[in-house]
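Sequence lines set the chain letters: A, B, ... in the order given, protein chains first and strands last, and positions in each chain run from 1.
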2 protein chains.
Amino acid sequence: IVELRDVTKIYRPGANQIHALNMANISIDQGDFVTIMGSSGSGKSTLLNLIGCLDRPTHGTLRINGIDTSTLNDDGLTAIRRDNIGFIFQQFNLIPTLTAQENVEIPMIFARMPLAERHERSLELLTLADLEAEFADHKPNELSGGQQQRVAIARALANDPPILLADEPTGNLDSRTGQNIMKLLSELNTGGTTLIVVTHDKKITEYSNTTIRLQDGEVCDEYCE
Amino acid sequence: IVELRDVTKIYRPGANQIHALNMANISIDQGDFVTIMGSSGSGKSTLLNLIGCLDRPTHGTLRINGIDTSTLNDDGLTAIRRDNIGFIFQQFNLIPTLTAQENVEIPMIFARMPLAERHERSLELLTLADLEAEFADHKPNELSGGQQQRVAIARALANDPPILLADEPTGNLDSRTGQNIMKLLSELNTGGTTLIVVTHDKKITEYSNTTIRLQDGEVCDEYCE
Ligand SMILES: Nc1ncnc2c1ncn2[C@@H]1O[C@H](COP(=O)(O)OP(=O)(O)OP(=O)(O)O)[C@@H](O)[C@H]1O
Ligand SMILES: Nc1ncnc2c1ncn2[C@@H]1O[C@H](COP(=O)(O)OP(=O)(O)OP(=O)(O)O)[C@@H](O)[C@H]1O
Ligand SMILES: [Mg+2]
Ligand SMILES: [Mg+2]
């Protein structure tokens with residue numbers, strides 16, 4: 001469902017190039033649960049942003065459901081992302097002027113879901129993401145870090161995407177709330193959602209069936225340190 | 001050096017009040033290393049923001065170095081914060097238009113440090129916070145999550161503050177980089193800096209000499225769950 005061939009991402013073309021990802025070859029099947037690990041700065045978010053069609057590779061081919069993303073213009077890229085991918089960002093990226101519930105509804109508005117159904121589903125998803133109902137009307141700056149993270153999780157599930165990308169989904173959560181989130185993600189995977197999770201937390205790799213390690217932009221085989 | 005007496009913080013006065021902190025009594029001595037733990041939403045950042053003089057209690061008395069902050073106007077609060085406190089924010093709060101190095105220099109500009117000395121010290125602090133020199137000229141959106149966190153750490157140390165507050169300082173770091181940061185903070189504490197660290201990570205409590213637990217806005221004594 002996701003295939004990378006010789007994918008390279010270079011930031012700052014020119015004098016001080018940064019090879020954030022170098023000749024990555026990765027194949028992910030539908031229904032896989034993949035964890036991506038590596039030190040801070042090793043290229044994890046860069047890899048996830050490419051798979052999430054939020055950015056384009058500098059070189060190489062990336063296919064989602066068999067479609068080569070380099071053949072798509074911006075509208076095509078947005079469409080493939082909206083129809084296939086849910087994204088839980090490392091910094092949440094919630095819209096500051098909207099409440100938690102409104103943030104979760106945004107993807108549903110793009111998918112043209114009727115109002116009443118949107119209202120109901122957004123509250124269900126917030127509950128599923130372990131956020132108490134009383135916080136649904138809070139704006140992001142009226143929520144704790146871990147509460148914002150849970151809103152970001154609920155929002156990523158808005159359109160029940162076939163592929164769910166999570167960048168450090170438990171970074172701001174205490175261990176019990178973190179375990180509830182990992183249980184939720186595991187259940188989604190058991191139900192058929194393809195799951196790709198970036199994490200620093202080794203405990204999370206126990207939930208997954210494959211681990212990809214990055215080191216300085218390179219996908220490690222067994223010879224990495 | 002920090003004393004809270006019956007400190008309460010209520011958000012949303014009126015119908016849907018939120019008691020984020022309720023009758024907190026805490027005493028921290030100079031040179032202490034205190035960790036604050038508790039579930040997501042339990043009031044940790046609220047407590048740290050009050051100690052950091054970024055916000056005022058709704059009720060109760062908070063003293064920094066013996067000075068009662070409720071006697072201060074906004075300028076007074078800013079002055080006591082600038083002279084005494086370094087703050088590592090949970091969401092980093094870096095200035096997006098400035099480079100990593102410029103972000104670290106900002107507190108030094110307010111302290112009227114000469115240009116050459118500021119330039120040199122900001123680079124030293126970034127190295128101390130385990131960020132490679134090549135990233136000093138990156139803006140926050142050109143840095144990874146954990147790299148931004150290290151810039152936030154270096155910035156908090158700009159004026160060598162007697163009190164250092166850290167809200168989840170290792171949340172976005174891999175375990176090795178996280179350990180380097182905890183070693184740095186421990187060394188600062190051994191050198192006399194009072195350290196107050198909010199964390200979800202039990203391993204960090206091993207570095208500290210006191211742990212405060214929060215549950216739903218209450219400071220726990222031994223009867224908390
Ligand atoms: N400006 C605000 N307006 C309304 N409620 C707020 C505001 N800021 C925080 N809260 C609420 O106060 C409670 C405590 O928030 P706080 O940020 O202190 O929690 P925390 O312990 O730091 O959580 P986390 O571990 O998730 O960061 C939360 O329930 C939050 O929703
Ligand atoms: N827009 C950009 N311009 C320049 N360099 C960038 C940009 N975005 C990222 N980088 C660099 O690319 C490298 C990889 O960044 P990335 O965010 O993928 O790391 P990461 O593995 O997610 O790290 P972390 O665990 O700290 O979140 C970093 O060294 C970073 O400084
Ligand atoms: Mg990242
Ligand atoms: Mg917090």
Contact class of Lys44(A) relative to chain B, heavy atoms under 4.5 angstrom: neither
Arg5(A), CZ: over 12 other non-hydrogen atoms inside 6.0 angstrom: no
Non-hydrogen atoms of Asn172(A) and His200(B) that approach each other most closely: O-NE2, 3.1 Å
Chain A interface, residue from Asp137(B), Thr199(B), Thr170(B) that has the most non-hydrogen pairs under 4.5 Å: Asp137(B)
Most chain B-contacting option - heavy-atom pairs closer than 4.5 Å, from Gln91(A), Glu168(A), Met37(A): Gln91(A)
For chain A, which residues of residues 140-153 of chain B have heavy atoms nearer than 4.5 angstrom: Glu142(B), Ser144(B), Gly145(B), Gly146(B), Gln147(B), Arg150(B)
Top contributor to chain A interface from Leu173(B), Asp201(B), Ile18(B), Asp130(B) [non-hydrogen pairs under 4.5 Å]: Leu173(B)
Proximal component of Ser175(A), with respect to chain B [non-hydrogen, under 4.5 Å]: side chain
Distance (rounded to the nearest 0.5 Å) between Asn180(A) CG and Ser40(B) OG: 11.0 Å
Asn73(A) atom CG, neighbour heavy-atom count above 12 within 6.0 Å: yes
Side chain / backbone / both / neither for Asp167(A) at chain B, heavy atoms under 4.5 Å: neither
